[in-house]
Amino acid sequence: MIQQGKFGIHEAVSLVTIIIVTKVFFTSPALLIQFTGTANWYATLISAGTALFGFTFIYLLLKDYPGRNLIEIFEIVLGRYIGFIFSGIFSLWFIFIAAAFLREFAEVLRVYVLPLSPLSFIIGMFVFGTTILSFMGLESIVRFAKLSSPVIFIGYISVQFLSWENYEFHRIFPIYGYGIKTTLLHGIARSSAYGEAVILAVFAGSLQGVQHIKKAGYAAIFISGLLISSALLSFTLVFPYTTAQEITSLMYQMTRLIDYGRFVQRLDPIFFFIWNIGTFIAITALFYTGVNIYCHMFRIQDIKPVLIPSNIVLFAAAMIPKDMPIIIMGYVQGTRQYGWIIYFLMPLIVLIISRLRKKKIKKGAVQV
Amino acid sequence: MDYILPYAVNCIDNIQVKEEKNKKRGCAGMNKAFITAVIFLVISASLTGCYDSREIEELAYVMTIGIDKGVTDKLRLTVQFSTMSGPTAAAGGGMGGGGGNGGSQDGGEQDGYTAITMDVPSFFTGIDMINTIVPRKLNFMHTKALVFSEEMAREGIGDYIAPIVRYREIRRTIHVIVCKGSAADFIKENKPFIGTTLSKTMEIMMEGPYDTGFFPHVTLYDIYNNMKSTYRQPVAILGTVNDFKSFKEEGPPWGSGFKTGGDYYAGELPRKGGNKLELFGCAVFNGDKMVGELSGHETRIMMIGRGEFTKGTFTIKDPKKPDLIVPIEVYQEIKPKIKIRFEKDKPVIHLRVFLEGEILAVQSRINYETVGLKPLLEKSLERHIKSELDRLIQKGKDMNIDLLEFGRTAVSHFDTIQEWERFNWLRQFEKAEIYTDVEFALRRTGGLIKSSPIMTREGKK
């Protein structure tokens, strides 16, 4: 078993919240506005609510197998082979979303900040950073997340607060967006935006028991829901739904609009700071989770020898997509729309099988 | 790259600790010196400068962009930028202007600034073409204004605004001006006035709406959003070059009547001297096409109706002596209250405007400062603003433009975007029945609390 080190609820909440909330800096909000219009800011609360419900399955599963992590439970419940497939899907998924996230970050960075830098340079420098942090281990990633979280939080809130001058309340209407049914459907389907809370179940051994995982998971999803909703509400108040869905990075564009006279303007650096640090933590954590699951699958005791090759895979995977539209409309949209299958449906299937088997064993015991 | 340095330090500490552990475990420890060397090599290489960094002296910072209809190609693009040579060196230094293939040439030096005009097929190709003749790379990070000629605006600016909005260097906080005549000529007259910095001149000029209300504060963000909005339609700052022909040197003296001070369109202010550039009133758009214009006074009234007015001086007739005037500084502390109901598909709108003010002068020396006479002045201004509001609303209805942006309130009556878009407020507005009401309170009387008569040999005057 890989030694991951221990961490507490605060660290866990910080890590998961950063991973979830960082999505708001990229193209996801524009896509959500495209589908739900002015209802986007509460559609995400529906997503968060659904994710809380989905996380309950994971918690119940962990509760049934105290001291075990999700990957071990897969093997216990489904057997070595099917459990291996389930774990493999999880591992590939995390590496895939880390790569997609990295490419999305690099593309947006290139659009707004580094238009002349080759993509390989941007991704390469980033992967270099993820390699170092991965080498330092999960405990370092988590502690760094906790250390950065107040700074990211202050920056995040400041941008929204300073955008006050551009808020126009009427933009919140029509209040039901494209209709309640559409909002509900998209809200539920996009629960995967909060699915990364499942990381806590993967690293269950590093937290102090199931109750801590439960608290951390619920708190992270709840806080992320509020933070994402507040950001989306800000976007809705600053941009009419007709133009909000066009913008690559709404948060960046909103920051560029802050203009309080000649002295308080051009606050893009605040955005870059929270953007870079947040994304760096998120990608490293997602990638590390994927590699960690891989090591579990193949009973590899030391993760370090796997990290450099895996980082090369991360680099290569991030370079694969042909262009930005494929990233946005294919990868990002696809993962948001169908990610719930991986995050919540798979653990639910395992939970059902586990409960049925336990019931059967119990029944058999009674019969005997 | 900001995060790499702290990481490197942490990493080295970590390596030391882990190496100890590795030694204890008997594992092959990593070569600390090698790792350290690699980390520092990469960091020092990356810290020497960003991959695509550009030094300040390699760039030409564009202050103003002008777009006219072209003669030898689709567009006539004008860019005005600093020569970085300072006003004193301007005559001999600077970059000068240049001409392009088929383009007009205008290298007029303007006290440390220059403008280049060129006929180009598109905005971006135009930048590339101009870059070939400027020994710097044009940079738009500090651009202050985007100027369209009226001719261009009347044909539609949507096709030209879209690429500009997409361009990462141009901030959406730049101001959008529609100028009468050519944008190239307008930019040529855009010179530093009071002081030597054009950027400061422009920034302070653009703050005008907060002091006078004679032209609106319109940015690229406003015009682009409103062009695509289902709630309202855009306006732009109206500007022109005043050739001082409106100023009549001689003629019969003006009688006892007076103008409000804002009853002019850009370029008509009767003046001579000062900056030739004039921003006054606004251009009204339907989508991306200019369909009309408002005078300075109408613009103020529009801003009052919208709740965007900060302060400005209104001159009204003295209620007791109509041949004399009372200038009042009016400010808007409370946003207007708008109530809308629908009678079938017809919107019925009630607009209630609240204004406050301060007496600046009383020519007649009648004591309007007293509690008894104050309401007389208040009612007089209320009537004036109300009649102007009604006139403006009618002008808007004639153009079928919701100048006071009632759509912002009307939208709250619709549950879904489909219903709202099906209703099509921008079209239905012409059916609207609008009632206005103005409340004005004189809060202060300036530096005097009473107007005493002038004493002459004949007695009190």
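In the text below, chain A, chain B and the rest are named by the order of the sequence lines, each starting its count at 1.
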query: Between A:Ile247 and chain B, which part of the residue has a heavy atom less than 4.5 Å away: side chain, backbone, both or neither?
result: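 A:Ile247 touches chain B through side-chain heavy atoms alone.
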
With a sphere of 6.0 Å drawn around [atom1] of [X], does it hold more than 12 non-hydrogen atoms of other residues, nucleotides or ligands?
X: B:Tyr61; atom1: OH; value: yes
X: B:Lys339; atom1: NZ; value: no
X: B:Tyr210; atom1: OH; value: no

Calculate, to the nearest 0.5 Å, the distance between atoms [atom1] and [atom2] belonging to [X] and [Y] respectively.
X: A:Thr242; Y: B:Tyr231; atom1: OG1; atom2: OH; value: 7.0 Å
X: A:Asp259; Y: B:Tyr221; atom1: CG; atom2: OH; value: 12.0 Å
X: B:Arg172; Y: A:Asn166; atom1: CZ; atom2: CG; value: 11.5 Å
X: A:Leu114; Y: B:Arg168; atom1: CG; atom2: CZ; value: 8.0 Å
X: A:Phe173; Y: B:Asp415; atom1: CZ; atom2: CG; value: 10.0 Å
X: A:Ile172; Y: B:Ser412; atom1: CD1; atom2: OG; value: 11.5 Å

task: Output the option from A:Glu168, A:Arg266, A:Gln253 having the highest count of non-hydrogen pairs under 4.5 Å with chain B.
output: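 Most heavy-atom pairs under 4.5 Å with chain B: A:Arg266.
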
Do [X] and [Y] have side chains that approach each other closer than 4.5 Å (heavy atoms only, starting at C-beta)?
X: B:Glu419; Y: A:Pro174; result: no
X: A:Tyr241; Y: B:Thr230; result: yes
X: B:Tyr224; Y: A:Thr243; result: yes
X: A:Tyr176; Y: B:Ile417; result: no

query: Of all heavy-atom pairs between B:Asn225 and A:Arg171, which one has the smallest distance, and what is that distance?
result: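 In terms of heavy atoms, the two residues are closest at ND2-NH2, 4.3 Å.
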
Minimum heavy-atom distance between A:His170 and B:Arg408, given as atom pair plus value: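 What the structure gives for the nearest pair is CB-O, 3.0 Å.
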
query: Hey, is B:Arg166 close enough to A:Glu246 for a salt bridge, meaning N to O under 4.0 Å?
result: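 The answer is no: the pair does not qualify as a salt bridge.
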
